Amino acid sequence: MTKVRVRFAPSPTGPLHIGGVRTALYNYLFAKQMGGDFLLRIEDTDQTRFVPGAEEYIIESFKWLGLKFDEGVGIGGEYGPYKQSERKAMYKDYALELVNKGKAYYAFDTAEELAQKRAEAEAEKKNFQYDCHTRQSLKNSLALSEQETQELINSGAPFVIRFKFEENEQIEFDDLIRGHISVNSSLLDDKVLYKSDGMPTYHLANIVDDHLMLISHVIRGEEWLPSCPLHVSLYKAFEWEAPKFAHLPLILKPDGKGKLSKRDGDRLGFPVFPLEWQDPKSNEISSGYRESGYLPEAVINMLALLGWNDGTEQELFSLQELVDKFSIERISKHGAKFDMEKAKWFNHQYLQNVPNRVLAEEYLKELNAKGYNTNIEFVESIVALVKERCSFAKELWDNSDYFFVRPSEYAEKALKKRWKEGTSQRMNDIIDNLSKIEDNKEWGEKAEEFLMEYIPKNELNMGQIMNSIRLAIVGDTKGVNMVEIFKLLGKQESLERMKIASEKINL
RNA sequence: GCCCCGUUCGUCUAGUUGGUCCAGGACGCCAGAUUUUCAUUCUGGAAAUCAGGGGUUCAAAUCCCCUACGGGGUACCA
């Protein structure tokens, strides 16, 4: 059996779409499971759509995700170059080979002429197609005499080379996900293989490169399924063995219809791209998973499960587990709507596994940037307490700001519920009593002990008093266990805040 | 329009060769418990007449056909 070699082949026309990331991931998982190679090829045959920075973006994205290529752009390898623009010279010979074999032909119709044909057809609610029914009436080497053709070429007239589909032939192939597919060739149009600018189209380049690079499996998005019969026919025309095909379902937008687009992310508030991207022309910024606080492991896990599962109820998989358990047969056939709530849940799961120290170091930087001077041990103990209530590291602050700042105001709702007539006086009495506790490490426990005794003794309501204290110290009804707050804040600060509240609210 | 692919809870899906599926899990939602609060966590609940209609069969989410709907394609773009 030949070695498994798969490729991810994006075109550098902008940031990498999350659907593309999933395609790459599935390629990676399959390759690694089979002990094969995973290559990165850049398909930049359309020079008009080139976007500066896109290629670097793609490479950086995979670096962040932790998916390593074995071969390709940025790595090298013995089947290079891996950028199609650098392979430009070789494609023409292959196109000509097909012409010589009678499998392709020259076409001299200009873009304008074809556009007009299409417009005419559309006016009649029909569809113009360059195919076996129309090609004899168009300007090409099939309709023209050999001499006319030669003269046109010699005169330097621009031409393209088109694939010539045979008439009424069943083109059959098997898709690893969808099974057997059969299409009649008469329905297919004679796709351009070689453009007038001297570049191949995707169709030609991808077949030639996959063949030369010994690609064994083509795993790509469903949008390629309609042109797969052409690809299969090309392999046949070249008399090459075709790779196996697997066409992945698309990722759809969460609401409404259609495939997930760049706009949906910004509209619905979740990233569509792995990394933040600024469009070089419009300067428009699109958010990225990395910048939004997602962990790469969570993104990978989430994406892997969007259209695939291992048949058990397991949902959390490490990359290695995915490699071990992945199977193309278990990929679903239909598109999947992106679910941002589930994405969030995945991140929550993974965030809990990040060591407190690591999170604390990150958080400390954020605190320093905010102007708070503190130490790593203190931050680490805070992280340990509030981590589980966060889905993202950036939520740490909202869940623990009170450890660093005194409340500047008291939440209105909480105030109404937790601070009644006479509470200030009660608070003052409690402060007096707590002041008597020795200021050391045990002060928090001692304070609790005191309150557990004091509250019932004075026939007070436990919740009411504890929550008044919480309101005084935190400024809201949120926060971790009161004793933990006492401990971390220390006696002085805790009592100070209670005093301030008692004076400020004064009820 | 034409071609291709698809269609199980709101969402992601399980359901491999038809029977133990009056359809299971997860996210989300709702309720209860725990927590002196909020969040977390735990327990429970609602939630798909398996797109609809015809077959085949003793038996169909599972096989066949039709319809509807959804998606993709229909460029000298990938």
Side-chain angles (χ1 to χ4, degrees), chain A residues 9-13 43-46 48-49 107 109-111 114-115 118 121-122 124-130 158-162 175 177-179 181-184 187-189 191-197 199-203 205-206 220-229 247 249-250 252 254-255 257-259 302 305-315 329-330 332-346 348 352 386-390 395 399 414 417-418 451-452 455 461-471 474 476-483:
Chain A
S11 58
T13 53
E43 312 223 324
D44 53 351
T45 51
D46 186 354
T48 62
R49 292 211 307 160
D109 320 82
T110 64
L114 293 175
R118 270 186 260 277
E122 201 174 331
E124 292 176 54
K125 293 207 165 183
K126 281 182 184 165
N127 193 237
F128 169 76
Q129 196 164 273
Y130 210 119
F159 64 85
V160 300
I161 293 174
R162 287 180 179 273
D175 184 276
I177 296 172
R178 287 152 215 287
I181 290 166
S182 174
V183 186
N184 191 288
L187 271 8
L188 272 12
D189 67 327
K191 278 270 179 297
V192 171
L193 263 21
Y194 187 78
K195 301 186 268 191
S196 57
D197 66 355
M199 275 292 211
T201 59
Y202 168 84
H203 301 108
N206 122 79
R220 78 235 289 197
E222 194 184 3
E223 68 268 27
W224 295 111
L225 195 53
S227 52
C228 200
H247 290 93
L250 268 19
L252 277 15
D255 64 337
K257 296 153 184 180
K259 66 177 168 180
M302 180 266 291
L305 272 282
L306 201 59
W308 175 87
N309 70 81
D310 77 336
T312 72
E313 277 164 14
Q314 183 176 350
E315 298 213 79
E329 300 74 48
R330 293 198 61 87
S332 50
K333 295 177 173 68
H334 53 266
K337 283 186 184 167
F338 181 86
D339 183 352
M340 60 187 271
E341 287 301 330
K342 190 114 189 198
K344 203 170 140 188
W345 176 81
F346 272 113
H348 178 90
Q352 305 316 307
V386 303
K387 177 167 84 164
E388 67 179 12
R389 35 183 88 202
C390 300
E395 291 170 0
N399 283 298
K417 202 172 161 196
R418 318 248 113 120
L451 288 164
M452 297 302 257
I455 292 168
N461 179 296
M462 179 76 82
Q464 193 58 34
I465 294 303
M466 293 305 275
N467 285 317
S468 303
I469 297 174
R470 176 180 298 280
L471 177 63
V474 176
D476 207 338
T477 60
K478 68 178 186 179
V480 298
N481 183 287
M482 212 40 241
V483 181

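Predicted model only: the values in this text are computed from it and were never measured. To find a chain, count down the sequence lines: A is the first, B the second, and so on, and within it residues start at 1.
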If we take the P atom in both B:rG15 and B:rU8, what is their distance in whole Å? 14 Å
Can you tell me the distance, in whole Å, between the CD atom of A:Glu388 and the P atom of B:rU35? 15 Å
When we call it a touch if two heavy atoms are under 4.0 Å apart, what does A:Asn399 touch: a base, just sugar-phosphate, or nothing? nothing
Proximity to the side chain of A:Trp345 - top-ranked nucleotide from B:rG6, B:rU40, B:rC27: B:rC27
Please lay out, stage by stage, how A:Thr201 and A:Lys195 fare under the test side-chain contact (heavy atoms from CB on, under 4.5 Å). CA-CA 6 Å; A:Thr201 59; A:Lys195 301 186 268 191; 3.6 Å; yes
Looking only at heavy atoms, which two atoms of A:Arg418 and A:Ser468 are closest? And how far apart? O-OG, 2.7 Å
How close do A:Pro254 and A:Phe338 get, counting heavy atoms only, and between which atoms? CB-O, 3.2 Å
What does B:rG18 pair with, Watson-Crick or G-U, if both distances are under 3.5 Å? none
Earlier contact from the 5' end, RNA chain B, for A:Glu313 and A:Leu188: A:Leu188
Check if the side chain of A:Arg470 and the base of B:rC38 share a donor-acceptor pair of N or O atoms closer than 3.5 Å. no
Let me know the distance between CZ of A:Arg220 and P of B:rC5, rounded to the nearest Å. 15 Å
Distance check needed: B:rC5 P versus A:His247 NE2, whole Å only. 12 Å
Among residues at least two apart in sequence or on other chains, which ones pass side chain to side chain donor-acceptor pair (under 3.5 Å) with A:Gln129? A:Asp131
Could you check how far CD of A:Glu341 sits from P of B:rA26, rounded to whole Å? 17 Å
Going by the angle between their ring planes, with limits at 30° and 60°, are A:His203 and A:Trp224 parallel, tilted or perpendicular? perpendicular
In Watson-Crick or G-U wobble terms, with both distances under 3.5 Å, the base opposite B:rA78 is none
Scoring nucleotides 9-20 of chain B by protein non-hydrogen atoms under 4.0 Å (B base, S sugar-phosphate only, - none) yields --BSSSS-----
A correct 5'-to-3' footprint of nucleotides 73-78 of chain B, with B, S and - meaning base, sugar-phosphate only and no protein heavy atom under 4.0 Å, is SSSBBB
How long is the gap from CZ on A:Arg220 to OG on A:Ser227, to the nearest 0.5 Å? 6.0 Å
Before accepting this row, confirm whether a basic side-chain N of the pair A:Asp189/A:Lys191 lies closer than 4.0 Å to the acidic partner's carboxylate O. yes
Who pairs with B:rC2 - Watson-Crick or G-U, where each distance is under 3.5 Å: B:rG73
Distance between the C1' atoms of B:rG53 and B:rC69, in whole angstroms? 14 Å
If you apply the rule side-chain contact (heavy atoms from CB on, under 4.5 Å), what do you find for A:Asp310 with A:Trp308, and how did you get there? CA-CA 7 Å; A:Asp310 77 336; A:Trp308 175 87; 3.6 Å; yes
Nearest 0.5 angstrom please: A:Leu451 CG to A:Ile469 CD1, how far? 4.5 Å
What integer distance in Å separates A:Asn481:CG from B:rU34:C1'? 13 Å
Determine the interatomic distance between P on B:rA39 and the same-named atom on B:rC22; round to the nearest Å. 38 Å
Any base atoms under 4.0 Å from A:Val386, or only sugar-phosphate, or nothing? Heavy atoms, all strands. nothing
Would you indicate what A:Met199 reaches in the nucleic acid, counting non-hydrogen atoms under 4.0 angstrom: base, sugar-phosphate, or nothing? nothing
How close do A:Asp175 and A:Leu225 get, counting heavy atoms only, and between which atoms? OD2-CD1, 4.2 Å
Over all heavy atoms of both residues, which pair between A:Gly335 and A:Pro249 is shortest? Give the atoms and the distance, please. N-CB, 3.8 Å
Roughly, in whole Å, what's the span from CG in A:Asp175 to C1' in B:rG6? 13 Å
Quick one: label A:Lys126 by what it contacts on the DNA or RNA (base, sugar-phosphate, nothing), any heavy atom closer than 4.0 Å. nothing
Between B:rG72 and B:rU16, how many Å separate the two C1' atoms, rounded to a whole number? 27 Å
Gap in Å between the two C1' atoms, one belonging to B:rC21 and one to B:rA48, rounded: 12 Å
Any strand, both distances under 3.5 Å, Watson-Crick or G-U wobble: B:rU67 pairs with B:rA51
Scan every strand shown for a Watson-Crick or G-U wobble partner of B:rG44, both distances under 3.5 Å, and answer none if you come up empty. B:rC30
SB check A:Glu315 A:Lys342 (cutoff 4.0 Å): yes
Pairwise P distance, B:rC12 and B:rA59 [rounded to whole Å]: 33 Å
Starting from C1' on B:rA39, measure out to NZ on A:Lys344 and report it in whole angstrom. 12 Å
For nucleotides B:rU35 and B:rG24, find the distance between their P atoms and express it as a whole number of Å. 33 Å
Can you tell me how far P in B:rG18 sits from the matching atom in B:rC63, rounded to whole Å? 9 Å
Rounded to the nearest Å, what distance is computed from the CG atom of residue A:Leu225 to the P atom of nucleotide B:rG72? 13 Å
